[in-house]
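In what follows, a structure is listed as structure tokens, so that the remarks can point back to it.
Predicted model, so just to flag it, every value in this text is computed and none were measured.
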Amino acid sequence: MSNSSLPSLLLLVLFIISTSAQPYENYDDKPTLSSRSESVYSLKVPTLDETTFDNLLSFGYYRKSCPKFESILHNKVKQWIQKDYTLAASLLRLHFHDCSVRGCDGSILLKHDGSERTAQASKTLRGFEVVDDIKAELEKECPKTVSCADILTAAARDATVQLGGPYWAVPYGRKDGKLSIAKEAEMVPMGHENITSLIEFYQSRGLTVLDLVVLSGAHTIGRTSCGSIQYRLYNYQGTGKPDPTLDPKYVNFLQRKCRWASEYVDLDATTPKTFDNVYYINLKKKMGLLSTDQLLYSDQRTSPLVSALASSRTIFEHQFAVAMGKLGIVDVLTDQDEGEIRTNCNFVNAY
């Protein structure tokens with residue numbers, strides 16, 4: 001490792017020390033949700049089955065009520081992704097969109113006029129049929145027990161693992177929300193924002209700048225429509241030329257690939273089927289497909305983290321697991337009067 005990469009790695013290590021224990025407190029006992037100022041930072045890992053989050057979420061939540069939950073979910077996710085590997089990225093994106101609006105409550109799954117699912121920002125979301133398949137099987141095994149929000153959260157984890165990414169333990173006990181409003185879905189980042197607005201978006205959900213950079217690494221898999229990036233290829237900001245932050249050879253490839261707006265292009269041009277840190281290496285080569293991707297490397301607040309994550313797949317995978325754990329508990333509903341356990345993920349219960 002070159003000396004030039006050491007400052008970036010040091011910076012990342014400092015971030016990890018200060019954030020990886022959050023939002024837990026007192027690892028020698030049952031961790032509880034707490035404020036940053038009260039946190040006791042430690043890398044000691046608790047016994048998962050015993051851990052609860054302020055007695056609301058628990059790693060052993062379904063141990064007695066639905067012991068086959070994770071095995072059923074794992075097998076279903078595996079079957080779907082073996083048929084179509086692109087569903088892995090779709091499930092990750094679906095989970096992110098869900099947690100970004102009203103917290104991780106399964107509200108993105110509701111299918112009715114005016115729901116988040118009908119919003120323009122949700123038009124390209126996929127993976128609903130995977131969640132429905134898992135839910136149907138679970139309703140046979142343990143009726144009215146497992147929430148759709150828990151299913152989607154765990155499915156995003158298993159989808160990541162299927163393409164070679166890290167595993168992380170998911171605490172359960174989320175209730176499904178009963179409200180879903182299309183207008184609220186429009187606040188989800190769509191790849192055209194500046195870094196300041198992205199930082200503010202993440203911070204409003206209790207996530208850090210590091211979480212922003214790390215979770216953006218999910219773009220190491222997945223794809224986007226050519227229509228969403230053509231403005232960078234031909235007449236960027238009225239110049240009549242491509243976006244200068246893109247590598248010329250990459251521009252040439254994209255111009256040939258994206259003659260039609262309806263075509264799709266991989267977010268990671270190098271290893272699109274593997275969950276790795278090549279996404280960050282590509283950013284250093286000016287091969288960030290979305291403008292928000294490339295801006296992570298050009299902005300001084302995020303570029304050191306990009307360099308650090310580009311230098312180590314191990315560090316990226318560790319921190320991705322930490323960040324996904326934090327994302328999965330954003331504004332969860334846990335009380336009986338806050339939400340419900342839907343019997344069909346597409347609709348609120350009729351009873």
Side chain to side chain donor-acceptor pair (under 3.5 Å) assessment of Asp276 paired with Thr274: CA-CA 6 Å; Asp276 54 27; Thr274 305; 4.8 Å; no
Salt bridge (Lys or Arg N to Asp or Glu O under 4.0 Å) between Lys249 and Asp247, worked out: CA-CA 6 Å; Lys249 291 182 179 179; Asp247 175 76; over 6 Å; no
Ser225/Thr124 under side-chain contact (heavy atoms from CB on, under 4.5 Å): CA gap, chis, key distance, verdict: CA-CA 9 Å; Ser225 67; Thr124 56; 5.7 Å; no
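With no hydrogens or angles considered, no side-chain donor-acceptor pair links Tyr167 and Glu317 at under 3.5 Å. Ser291 and Asp243 share no donor-acceptor pair across their side chains, judged by distance under 3.5 Å alone. A donor and an acceptor atom, one from each side chain of Asp268 and His219, are nowhere located under 3.5 Å apart. Counting only N and O atoms by type, the side chains of Thr245 and Arg232 include a donor and acceptor under 3.5 Å apart.
Atom CG of Asn282 sits about 8.0 Å away from atom OG1 of Thr220, to the nearest 0.5 Å. To the nearest 0.5 angstrom, Cys258 atom SG is 11.0 Å from Arg256 atom CZ.
Side-chain atoms of Glu340 come within 3.5 Å of backbone atoms of Asn349 as a donor-acceptor pair (strictly under, hydrogens ignored). In terms of modelled atom types and a separation under 3.5 Å, the side chain of Ser147 and the main chain of Asp150 share a donor-acceptor contact. A distance-only check finds no donor-acceptor pair linking the side chain of Arg157 to the backbone of Leu92 [under 3.5 Å]. Looking only at distances, a side-chain donor or acceptor of Asp176 sits under 3.5 Å from a matching main-chain atom of Arg342. Judged by distance alone, with hydrogens and angles left aside, the side-chain atoms of Ser100 form a donor-acceptor pair with the main-chain N or O of Phe96 at under 3.5 Å. Checked by atom type and distance alone, the side chain of Asp98 pairs as donor or acceptor with a backbone atom of Ser107 at under 3.5 Å.
In this structure the side chain of Leu246 never reaches within 4.5 angstrom of the side chain of Lys286, judged on heavy atoms. Looking at Ile221 and Leu267, their side chains never come closer than 4.5 Å, going by heavy atoms from C-beta outward.
The six-membered or imidazole ring of Tyr280 lies away from that of Tyr297, with a centre-to-centre distance of 6.0 Å or more. Side-chain rings of Tyr279 and Phe316 stay apart, their centers remaining 6.0 Å or farther from each other.
For the pair Thr160 and Trp168, the tightest heavy-atom approach, listed with the atom from each and the gap, is OG1-CH2, 3.7 Å. Looking at every heavy atom in both residues, Lys284 comes nearest to Ala310 through CD-CB, 3.9 Å.
Among residues two or more places apart in sequence or in another chain, the salt bridge (charged side-chain N to carboxylate O under 4.0 Å, His left out) test is passed with Glu200 by none.
Annotation: cation-pi geometry satisfied between Arg117 and Phe128 (NZ/CZ under 6.0 angstrom from ring centroid, within 45° of ring axis).
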